[in-house]
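Quick caveat, the model's predicted, so the values are computed rather than measured.
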Amino acid sequence: MDTHPIQVSSQRWMVAICLLLLVAVVQGLFLWNYADEGLWVALTDGVISTAVFAGLAYWAWYVLGFVNSSIITLSVSGLGVCCIMLSSFFTQWGLETVTETVYTPFAMTFPFRLCYVLLMWSIVLLWYRLQLAAEEREDMDNQLASLQETLIEERRKAEVNQIENNQEKEAEAINESLDRITVKDGTKIHLIELADLLCIQSCGDYVTLITPKGEYIKEQTMKYFETHLPEADFIRIHRSAIVQVKQISRLELFGKESYQLILKNGLRLKVSNSGYRLLKERLAL
């Protein structure tokens with residue numbers, strides 16, 4: 001709003017000057033044919049009137065741009081047209097004085113001058129409105145883009161915070177060791193002490209908890225028990241089996257480079273290569 005639309009680029013200046021010269025020439029030619037003025041006198045009249053029009057139109061932008069009101073627009077337009085008509089009157093009077101020639105009375109050229117000025121002024125006002133609308137649309141686009149960037153940034157921060165919270169919860173869950181396991185069986189809830197747990201076997205989405213008193217099925221993953229059972233007391237010997245170290249009776253070779261583990265209750269479990277390495281490290285085999 002501080003900068004006039006004409007001042008945005010040098011190209012606009014050049015176009016505006018060319019248009020003003022065209023307006024001045026057209027007005028001069030009409031006066032030459034309409035008012036019996038000499039060609040150069042008519043062109044001079046057109047140039048002076050157009051220059052006054054250009055100055056008032058330039059000034060009108062700063063008024064109409066800051067005050068968007070129909071009453072102000074009409075008032076400024078009326079004032080501008082009056083000033084242009086007065087300047088045209090004094091221009092013709094001055095030219096008659098200088099050239100010592102009497103031209104067609106100003107009153108007879110008044111309708112033509114008024115219609116011409118009103119047409120040019122309407123075009124300028126329309127262009128100003130288009131410029132204001134373009135600026136408002138640009139401001140709205142910038143605000144929308146800024147709002148979108150803010151929303152995206154807030155969403156990204158929320159996602160980062162969510163990820164960090166999940167990681168913290170996972171870390172807390174991993175560091176948290178179980179001291180007992182609860183199993184719901186219908187209306188009953190069984191509490192299994194870790195000392196009574198012989199081993200855990202995977203059964204799809206469930207696990208089977210094996211104790212001297214019986215077997216219990218719980219909906220939980222092997223990964224959960226691997227990370228939550230005390231590392232010193234339990235070891236995962238296979239992707240489908242976790243055993244309590246104190247319940248191990250012996251380790252036997254089973255086939256070529258395969259091993260099986262026998263628990264104190266006689267249960268035999270297959271041992272994977274990674275499980276065998278863990279057993280060697282824990283039990284110093």
Asks: Tell me whether I248 is reachable from I262 by hopping between hydrophobic residues (I, L, V, M, F, W, Y) whose side-chain heavy atoms are closer than 4.5 Å.
Replies: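 No; I248 is not reachable from I262 via cluster members.
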Asks: Linking I/L/V/M/F/W/Y whenever any side-chain heavy atoms sit under 4.5 Å apart, do L19 and W121 land together?
Replies: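 L19 does not cluster with W121.
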Asks: Go through the steps for T221 and V207 under the test side-chain contact (heavy atoms from CB on, under 4.5 Å), then give the verdict.
Replies: CA-CA 7 Å; T221 63; V207 295; over 6 Å; no
Asks: Which residue, I237, I235, V271, forms the side-chain contact (heavy atoms from CB on, under 4.5 Å) with L278?
Replies: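 For L278, the side-chain contact (heavy atoms from CB on, under 4.5 Å) test succeeds with only one of I237, I235, V271, which is I235.
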Asks: Please check this pair: side chain of R155 against backbone of A158, looking for a donor-acceptor N/O pair closer than 3.5 Å.
Replies: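 No: the side chain of R155 does not pair with the backbone of A158.
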Asks: Atom CD of residue position E153 - does it have more than 12 heavy atoms of other residues, nucleotides or ligands inside 6.0 Å?
Replies: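 Count over threshold, so yes.
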Asks: Assigning hydrophobic clusters by single linkage (Ile, Leu, Val, Met, Phe, Trp, Tyr; side-chain heavy-atom cutoff under 4.5 Å), is L279 placed with L253?
Replies: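 Looking at the clustering, L253 is in the same group as L279.
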Asks: Is the closest side-chain heavy-atom distance between Q201 and E215 below 4.5 Å?
Replies: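 No. Closest side-chain heavy atoms not under 4.5 Å.
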Asks: Please give me the minimum heavy-atom distance between V23 and Y116, naming the atom from each residue.
Replies: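 In this case the closest contact between V23 and Y116 is O-OH, 3.0 Å.
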Asks: Check whether any side-chain heavy atom of F234 sits under 4.5 Å from a side-chain heavy atom of P230, and report yes or no.
Replies: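 Yes - at least one pair of side-chain heavy atoms lies under 4.5 Å apart.
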Asks: In the structure I gave you, are the side-chain heavy atoms of L267 and V243 within less than 4.5 Å of one another anywhere?
Replies: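 When only atoms from C-beta onward are counted, V243 and L267 do not touch, as no gap falls below 4.5 Å.
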Asks: Return the minimal non-hydrogen interatomic distance between G80 and L56, and the atom names on each side.
Replies: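 Between these two residues, the closest heavy atoms are O-CD1, 3.5 Å.
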Asks: Could you tell me whether the side chain of S87 and the main chain of I84 form a donor-acceptor pair under 3.5 Å?
Replies: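 Between the backbone of I84 and the side chain of S87 there is a qualifying donor-acceptor contact (under 3.5 Å).
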Asks: For A195 and Q247, work out which heavy atoms get closest and say how close.
Replies: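 The pair with the smallest heavy-atom distance is O-NE2, 4.4 Å.
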Asks: Rounded at 0.5 Å granularity, tell me how far OG1 in T109 sits from CG in L114.
Replies: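 Taking OG1 in T109 and CG in L114, the distance rounds to 11.0 Å.
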Asks: Identify whether V15 and L20 are in the same connected component of the hydrophobic contact network (ILVMFWY, side-chain heavy atoms under 4.5 Å).
Replies: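 Each belongs to a different hydrophobic cluster.
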Asks: For side-chain contact (heavy atoms from CB on, under 4.5 Å), just list the numbers for L269 and H238, CA-CA rounded to whole Å, side-chain angles, deciding distance to a tenth of an Å, and then say yes or no.
Replies: CA-CA 9 Å; L269 300 171; H238 194 270; over 6 Å; no
Asks: Indicate yes or no: does E159 engage R156 in a salt bridge with an N to O separation below 4.0 Å.
Replies: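 The answer is no: the pair does not qualify as a salt bridge.
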Asks: I'd like to know if the side chain of Q244 and the backbone of L197 have a donor-acceptor N/O pair within less than 3.5 Å.
Replies: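 Answer holds: yes.
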Asks: Nearest heavy-atom pair of R250 and L261: which atoms, and what distance?
Replies: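 For R250 versus L261, the nearest heavy atoms are O-CD1, 3.5 Å.
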Asks: What distance separates E193 CD from R180 CZ, expressed to the nearest 0.5 Å?
Replies: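 Those atoms lie 4.5 Å apart.
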Asks: Between CD1 of I192 and CG of L209, what distance do you get to the nearest 0.5 Å?
Replies: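 Reported to 0.5 Å precision, the distance equals 4.5 Å.
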Asks: So, T97 side chain and W93 main chain: donor-acceptor pair closer than 3.5 Å or not?
Replies: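 Checked: pair present.
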Asks: Surrounding CZ of F112 (heavy atoms of other residues, nucleotides or ligands, distance under 6.0 Å), is the total greater than 12?
Replies: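 Enclosed: over 12 neighbouring heavy atoms sit under 6.0 Å from CZ of F112.
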Asks: Linking Ile, Leu, Val, Met, Phe, Trp and Tyr by side-chain heavy atoms under 4.5 Å, what else ends up with L151?
Replies: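 Result for L151 is L147.
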Asks: Can you establish whether the number of heavy atoms outside D139 located under 6.0 Å from its atom CG is more than 12?
Replies: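 Count over threshold, so yes.
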Asks: Are there more than 12 heavy atoms of other residues, nucleotides or ligands under 6.0 Å from atom CD1 of I217?
Replies: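 Atom CD1 in I217 is not packed in, count stays at 12 or less.
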Asks: If we ignore hydrogens and angles and just use 3.5 Å, is the side chain of D45 paired with the main-chain N or O of V41 as donor and acceptor?
Replies: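 Between the backbone of V41 and the side chain of D45 there is no qualifying donor-acceptor contact (under 3.5 Å).
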Asks: Restricting to pairs with a member in residues 184-223, which pass ring pair (Phe, Tyr, Trp, His ring centres under 6.0 Å), not counting sequence neighbours?
Replies: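 The answer is H190-Y216.
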Asks: Within this structure, what is the CE-CG distance for the pair M120 and L125, rounded to the nearest 0.5 Å?
Replies: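 Taking CE in M120 and CG in L125, the distance rounds to 12.0 Å.
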Asks: Answer yes or no: does atom CH2 of W40 have more than 12 heavy-atom neighbours from other residues, nucleotides or ligands under 6.0 Å?
Replies: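 Atom CH2 in W40 is not packed in, count stays at 12 or less.
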Asks: How long is the straight-line distance from OH of Y276 back to OG of S258, given to the nearest 0.5 Å?
Replies: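 If I round to the nearest 0.5 Å, the distance is 11.5 Å.
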Asks: Determine whether F225 and K218 make a side-chain contact, defined as any pair of heavy atoms from C-beta on separated by less than 4.5 Å.
Replies: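 Yes, their side chains come closer than 4.5 Å.
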Asks: Could you pull out the closest heavy-atom pair between A232 and V245, with the gap in Å?
Replies: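 For A232 and V245, the tightest heavy-atom pair comes out as O-CG2, 4.0 Å.
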Asks: Report the distance from atom CD1 of I48 to atom CZ of F90, rounding to the nearest 0.5 Å.
Replies: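 Here the interatomic distance stands at 13.5 Å.
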Asks: Please check if atom CG in N273 has more than 12 non-hydrogen atoms from other residues, nucleotides or ligands closer than 6.0 Å.
Replies: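 At most 12 heavy atoms, drawn from other residues, nucleotides or ligands, come within 6.0 Å of this atom.
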Asks: Quick check against the 3.5 Å criterion: does K264 have a side-chain atom that pairs as donor or acceptor with the backbone of K246?
Replies: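 Flag set: sc K264 to bb K246 pair under 3.5 Å.
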Asks: What's the shortest heavy-atom distance between I242 and M222, and which atoms?
Replies: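 Looks like CG1-CE, 3.6 Å.
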Asks: Do any pairs count as a ring pair (Phe, Tyr, Trp, His ring centres under 6.0 Å) and have a residue in residues 136-159, sequence neighbours left out, and if so which ones?
Replies: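 Sorted result for residues 136-159: empty, none.
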Asks: Same cluster or not: are W59 and I123 linked, directly or through other Ile, Leu, Val, Met, Phe, Trp or Tyr residues, by side-chain heavy atoms under 4.5 angstrom apart?
Replies: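 The answer is yes; both residues are in one hydrophobic cluster.
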Asks: Show your reasoning for whether side-chain contact (heavy atoms from CB on, under 4.5 Å) applies to L263 and I210.
Replies: CA-CA 11 Å; L263 301 183; I210 301 175; over 6 Å; no
